[in-house]
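A short write-up of the structure that comes next.
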Amino acid sequence: MNVILLGPPGAGKGTQGAILGRRVGLPKIATGDLLRTAVQQHGPLGRKAQPYMDRGLLVPDEIVLGLIEEVLASPDAAGGVIMDGFPRTVGQAEAVDRLLKARQAEVDRVLQFVVPEDELVHRLMGRAAEEGRSDDIRDTIQQRLMVYRAQTEPLIAYYRDRGIVVDVEGTGTVDAIAERVKQAVG
Ligand code: AMP
């Protein structure tokens with residue numbers, strides 16, 4: 001089973017993806033985590049990605065597509081994956097379709113996490129304080145939300161026609177949301 005978690009930053013994709021992954025026994029893969037690790041390692045990928053991440057912009061597809069290919073072609077992903085934070089552009093979505101098709105698989109479910117904007121900002125400010133994430137400061141938060149609306153939200157229409165999009169209300173307790181995710185995945 002291949003599941004995409006779609007939603008703005010702060011919507012709870014990471015937390016819920018981890019819970020879902022444990023429940024169904026599939027790896028949860030987050031391009032944001034992989035990119036942050038690459039930045040810490042100061043390798044070529046990290047050096048290219050960091051300026052975009054620091055400004056709250058998407059890392060360009062030509063940089064991210066290689067990472068996505070690596071992830072989806074790995075043996076760990078053979079039984080399916082929970083995709084957290086990708087695809088984020090139509091170009092990435094097309095790449096995901098192509099890569100899954102190559103192993104006779106497809107996107108089975110897209111969970112759209114719905115959370116009001118003021119709640120997102122509140123959560124992201126809290127995360128910035130706790131984790132010291134350099135991209136979670138107020139201007140960058142606004143930037144990331146704008147980028148989501150402009151570049152990632154159109155993916156809902158991309159998948160909607162296939163009848164695989166399920167909206168998940170992303171407010172309430174972690175347990176309550178996990179229960180909704182469970183229902184949504186079936
Ligand atoms: P996240 O932890 O998913 O919010 O990602 C943090 C940052 O990493 C984003 O603001 C982007 O700069 C970058 N990033 C993560 N995943 C992607 C992706 N699939 N495409 C482009 N940029 C990404």
Side-chain angles (χ1 to χ4, degrees), residues 2-21 27-74 77 81-100 107 110-115 117 119-156 158-159 168 170 181:
N2 290 287
V3 179
I4 293 173
L5 308 180
L6 210 60
K13 303 183 298 293
T15 304
Q16 292 300 328
I19 296 171
L20 174 64
K28 183 207 75 151
I29 299 167
T31 42
D33 291 344
L34 297 173
L35 288 167
R36 274 185 292 278
T37 302
V39 167
Q40 276 158 16
Q41 290 170 345
H42 302 290
L45 174 65
R47 278 201 301 274
K48 280 189 224 158
Q50 183 165 26
Y52 298 97
M53 296 172 74
D54 283 347
R55 280 181 287 155
L57 301 173
L58 291 188
V59 178
D61 278 359
E62 58 265 29
I63 301 173
V64 176
L65 288 179
L67 194 63
I68 292 177
E69 177 160 8
E70 211 175 291
V71 160
L72 292 183
S74 84
V81 284
I82 314 289
M83 295 173 238
D84 167 7
F86 78 101
R88 256 173 153 104
T89 63
V90 171
Q92 291 180 24
E94 287 168 352
V96 167
D97 280 341
R98 198 171 57 243
L99 292 161
L100 290 180
V107 178
V110 177
L111 306 188
Q112 178 182 211
F113 287 78
V114 182
V115 178
E117 186 107 356
E119 170 75 16
L120 293 171
V121 174
H122 180 77
R123 288 184 190 177
L124 290 167
M125 294 296 289
R127 185 200 282 178
E130 267 173 36
E131 298 178 5
R133 262 180 68 164
S134 63
D135 61 351
D136 277 349
I137 43 177
R138 190 178 287 274
D139 286 352
T140 319
I141 287 171
Q142 294 296 350
Q143 179 67 47
R144 289 167 70 213
L145 291 172
M146 269 169 50
V147 164
Y148 176 77
R149 304 283 176 229
Q151 290 178 270
T152 306
E153 214 166 44
L155 290 186
I156 298 296
Y158 179 88
Y159 293 114
V168 174
V181 168

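For ligands, and for the atoms within them, numbers begin at 1 and follow the listed sequence.
Applying the salt bridge (charged side-chain N to carboxylate O under 4.0 Å, His left out) criterion to Glu119, with sequence neighbours excluded, gives Arg123.
Taking any N or O of Pro9, backbone or side chain, none lies under 3.5 Å from an N or O belonging to ligand 1. The shortest N/O to N/O separation between Thr31 and ligand 1 falls below 3.5 Å.
Judged by the shortest distance from any of its heavy atoms, Lys13 lies outside the 4.0 Å radius around the atoms of ligand 1.
The residue from Val110, Thr89, Leu6 that alone fulfils the side chain to side chain contact (heavy atoms under 4.5 Å, CB included) condition with Leu155 is Leu6.
Between the choices Thr152, Val59, Asp33, Leu57, the shortest heavy-atom distance to atom 12 (O) of ligand 1 belongs to Leu57.
A pairwise comparison of heavy atoms in Ala38 and Leu45 identifies CB-CD2, 3.9 Å as the closest pair.
Using a 3.5 Å distance cut-off with no hydrogens or angles, the side chains of Tyr159 and Asp97 do not pair a donor with an acceptor.
Residue Gln92 approaches ligand 1 through these ligand atoms, each under 4.0 Å from one of its heavy atoms: 18 (C), 19 (N), 20 (N), 21 (C). Short contacts between ligand 1 and Gly85, defined as distances under 4.0 Å to a heavy atom of the residue, involve ligand atoms 16 (N), 17 (C), 18 (C), 19 (N).
Using a 4.0 Å cut-off between a side-chain N of Lys or Arg and a carboxylate O of Asp or Glu, Arg149 and Glu117 qualify as a salt bridge.
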